[in-house]
2 protein chains.
Amino acid sequence: MPRPRKPKSSRAATLADVGRAAGVSAMAASAVLNSVKTSSRISAETRERILAAAAELQYRPNAAARALLHRRMNTIGVAAVVDDKNELNHYFLALLNGVLTAATHHEQNTTVFALHDWSNDTRRLDSVCDGRIDGLILFAPTFDAEVGRKLPAHTPYVTIHANHAVEGVVNIESDEENGAFMMVEHLLAQGHRRIMHIAGPEGFTGADRRVTGYRRALKKHKVRFERSLVVHSLFDDTHGHEAMRGWLQHHAGEPLPHAVFCANDAIAIGCIEALAECGLRVPDDISVAGFDDTLASRASVPQLTTVRQPLVQMGRQATQILLERIGTIPNVPPPPSPVVLPVEVVERASVGPRPAVDRIVPALKRR
Amino acid sequence: MPRPRKPKSSRAATLADVGRAAGVSAMAASAVLNSVKTSSRISAETRERILAAAAELQYRPNAAARALLHRRMNTIGVAAVVDDKNELNHYFLALLNGVLTAATHHEQNTTVFALHDWSNDTRRLDSVCDGRIDGLILFAPTFDAEVGRKLPAHTPYVTIHANHAVEGVVNIESDEENGAFMMVEHLLAQGHRRIMHIAGPEGFTGADRRVTGYRRALKKHKVRFERSLVVHSLFDDTHGHEAMRGWLQHHAGEPLPHAVFCANDAIAIGCIEALAECGLRVPDDISVAGFDDTLASRASVPQLTTVRQPLVQMGRQATQILLERIGTIPNVPPPPSPVVLPVEVVERASVGPRPAVDRIVPALKRR
DNA sequence: CTGAAAGCGCTTACAG
DNA sequence: CTGAAAGCGCTTACAG
């Protein structure tokens with residue numbers, strides 16, 4: 001004899017509860033609610049009774065129980081390192097948009113993990129490969145191959161903009177070198193010759209590729225490369241600001257660059273601020289270009305001329321490939337790795353023609 | 001006799017696998033790995049053997065099985081409506097930052113649901129209240145109380161900036177009316193008298209409160225309210241741009257406002273662009289203020305003077321309260337609803353003193 | 001102190 | 001066609 005249960009209102013109804021309310025077995029309820037073989041097994045009248053009971057009790061098949069059976073949570077994880085201020089950034093936002101769109105389209109959920117450091121937080125990622133996610137997307141991981149291989153073998157993952165290739169892991173990237181090349185060609189086409197580059201941190205694949213593209217464009221157009229025109233910065237506006245300001249400070253009285261090509265939009269925004277503080281206007285006095293085409297490039301005034309990386313699409317594609325590996329969606333032939341997406345120059349307002357007269361770096365006002 | 005299992009490398013190891021590898025029962029393995037009563041039950045040597053086996057097999061306690069037992073996934077959900085372009089925005093990003101920080105701190109995971117429409121997508125939220133999340137945080141929901149009450153009773157939720165109060169649901173908000181009041185007082189203190197307001201959409205609580213604060217400040221300082229100085233816009237830069245441009249078009253030849261108070265940062269950015277297109281410079285010719293203090297307010301050049309809503313903290317606090325309701329963390333006395341957080345004026349560069357001479361709205365250049 | 005059993009909620013495969 | 005049973009992986013409560 002079944003013990004009477006205390007109907008705690010806070011407890012979710014189970015199949016047994018539904019069955020009891022409808023006067024049938026849990027199994028019959030299951031059959032109806034999964035709508036398989038309904039007509040053949042269960043009378044229309046019983047069916048209605050079960051449906052009504054389920055609605056009344058706000059029944060939902062328990063996800064944990066199903067996951068235990070199917071070994072699938074229908075959830076993917078995305079992991080990203082957050083920046084200095086412990087905040088997610090525009091780059092993350094764009095990728096997340098793509099992941100959410102694709103995941104939702106395939107009725108998959110998305111769990112977000114914000115890490116502070118790839119190499120140290122690998123443990124935390126590890127601990128989450130416990131069946132609660134079916135796979136993982138890593139945004140711009142900088143761990144080395146060895147750390148990557150330490151992730152549990154049973155959780156498939158793909159990377160976006162990985163700093164190092166990991167054997168057997170698909171990496172999605174964009175044609176960054178070519179993007180830099182095209183942007184610098186665009187600046188040259190506007191007549192600019194003295195083109196500064198605020199690069200990303202040294203040793204980052206993405207930053208290095210932009211430098212390479214920058215140099216290749218200069219070389220092609222026979223503009224001499226000057227080491228003093230390249231400075232490095234972290235990928236945020238604060239450091240971009242400091243980099244530009246520092247350069248101006250050390251080069252007062254020298255010829256002002258015609259244009260500054262920045263390694264991402266955030267740096268470009270910091271750069272424009274630093275220029276504004278010296279009374280230099282963009283693009284009238286000096287042109288500034290970004291990279292990424294994040295929301296920030298449109299929030300900036302003037303709007304940034306930038307290199308569009310298809311970040312949303314990259315997030316979408318990473319999700320697609322991951323779901324194929326998991327087996328959630330049909331397995332097309334495995335993609336080659338890396339998957340390289342094309343980039344393009346987006347012309348907005350921060351780049352103009354070369355000014356009629358060359359200028360000198362003004363002496364910096366004290367802050 | 002246990003059937004030999006085919007060791008599919010893709011399958012995660014179970015407690016039984018670990019036990020077998022170590023020559024003990026699954027239960028013994030469980031006891032060791034949960035590190036309860038270890039010394040008393042299991043010899044140090046056996047313990048080592050079990051630990052080694054678990055490491056070797058990359059064992060992780062299955063989350064679904066645990067969730068089935070504990071009725072807890074240690075995961076919360078956040079749901080937000082994405083904007084026109086189906087993209088998440090700065091406001092969302094800031095709140096998410098707060099939620100992730102707090103959730104991670106309590107070792108909880110966060111699943112993100114991006115919806116297109118509150119009233120229609122309530123079904124989708126419903127379907128996800130199936131044990132995969134322990135509770136839900138709703139970002140700026142605009143559904144009415146009735147829809148809200150349709151969410152399954154067994155899933156607790158809290159709201160942030162809800163458009164309507166729902167009985168029994170804690171809402172976290174900020175003191176928006178006062179924020180608007182303080183900002184308009186700040187503009188008045190700079191000498192501005194003719195202050196335009198680009199409000200949010202009519203019928204939105206947050207937008208209405210800003211209008212109220214705006215009017216209250218004008219009244220207190222005996223500045224006549226002019227209906228023609230208030231226009232409405234959606235909460236994004238495109239509509240902010242249109243709103244400002246449209247106003248200028250219809251008021252050519254009339255006195256230019258001294259300042260524009262915008263209902264959020266995105267509108268302010270669109271507004272600055274529209275002004276720039278007419279050759280009006282901020283803040284030299286006209287001051288512009290935003291609301292929210294999102295990342296965008298710092299990406300803008302000039303940086304926006306704005307009202308800081310503590311969005312990150314609101315996300316954090318919402319998480320805290322939700323986890324208390326779930327029972328994950330100790331239950332302090334239930335907070336009053338709504339929880340109202342203080343706001344403050346952040347002075348940056350987009351607001352300056354009132355120009356020496358009043359100006360006339362210039363005739364608009366054709367686009 | 002140790003192991004076998006029961007049960008979380010569900011579904012699949014198997015007897016009646 | 002229908003119901004009882006077994007099992008997903010784990011932990012808790014109970015016999016030995």
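Throughout, protein chains are lettered first and strands after them, A, B, ... in sequence-line order, and every chain is numbered starting at 1. Values reported hereafter were calculated over all heavy atoms of this structure, with side chains retained and with hydrogens, waters and symmetry mates removed. Computed from a predicted structure; not experimentally measured.
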From the list C/dA5, D/dC10, D/dA5, which nucleotide is the closest neighbour of the side chain of B/Leu15?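 The nucleotide sitting nearest to the side chain is D/dC10.
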Canonical and wobble pairing (Watson-Crick, G-U, under 3.5 Å) of DNA chain C, dot-bracket with |: |||.||||||||.|||
Sidechain N-carboxylate O distance under 4.0 Å for A/Asp17, A/Arg11: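 Salt bridge present between A/Asp17 and A/Arg11.
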Rounded to whole angstroms, how far apart are [atom1] on [X] and [atom2] on [N]?
X        : N      : atom1 : atom2 : result
B/Met27  : D/dG16 : CE    : C1'   : 13 Å
A/Arg11  : C/dG9  : CZ    : C1'   : 10 Å
B/Arg132 : C/dG9  : CZ    : P     : 17 Å

With a cut-off of 6.0 Å (strictly less than), are more than 12 heavy atoms of other residues, nucleotides or ligands near NE2 of A/His105?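 No, the 6.0 Å shell around NE2 holds no more than 12 heavy atoms from other groups.
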May I ask you to list the residues of residues 55-74 of chain B, by number, that have any heavy atom positioned under 4.0 Å from an atom of DNA chain D?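 Heavy-atom cutoff 4.0 Å gives B/Tyr59, B/Arg60, B/Pro61, B/Asn62, B/Ala65, B/Arg66, B/Leu69.
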Regarding B/Asn171 and B/Thr159, do their side chains bring together a donor and an acceptor under 3.5 Å, going by distance alone?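 Checked: B/Asn171/B/Thr159 side chains pair up, N/O donor to acceptor below 3.5 Å.
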Using only heavy-atom distances, determine whether the side chains of B/Thr111 and B/Thr75 contain a donor-acceptor pair under 3.5 Å.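 The answer is no; no qualifying pair exists.
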Classify the ring geometry of B/His161 against B/Tyr91: parallel below 30°, tilted from 30° to 60°, perpendicular beyond 60°.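 Rings of B/His161 and B/Tyr91: parallel, under 30°.
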Tell me, with the steps shown, if B/Ile76 and B/Ile326 meet side-chain contact (heavy atoms from CB on, under 4.5 Å). CA-CA 10 Å; B/Ile76 61 175; B/Ile326 292 170; 4.1 Å; yes
When you measure from the side-chain N and O atoms of A/Ser30 to the phosphate of C/dC10, is any distance below 4.0 Å, counting only OP1 and OP2?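 A/Ser30 to C/dC10 OP1/OP2: no side-chain N or O under 4.0 Å.
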Any pair with a residue in residues 99-118 of chain A that passes salt bridge (charged side-chain N to carboxylate O under 4.0 Å, His left out), sequence neighbours left out, goes on the list, sorted by first then second residue, please.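 Not a single pair qualifies under salt bridge (charged side-chain N to carboxylate O under 4.0 Å, His left out).
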Heavy-atom distance under 4.5 Å between the side chains of B/Ile133 and B/Phe113, does that happen here?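 B/Ile133 reaches B/Phe113 side chain to side chain.
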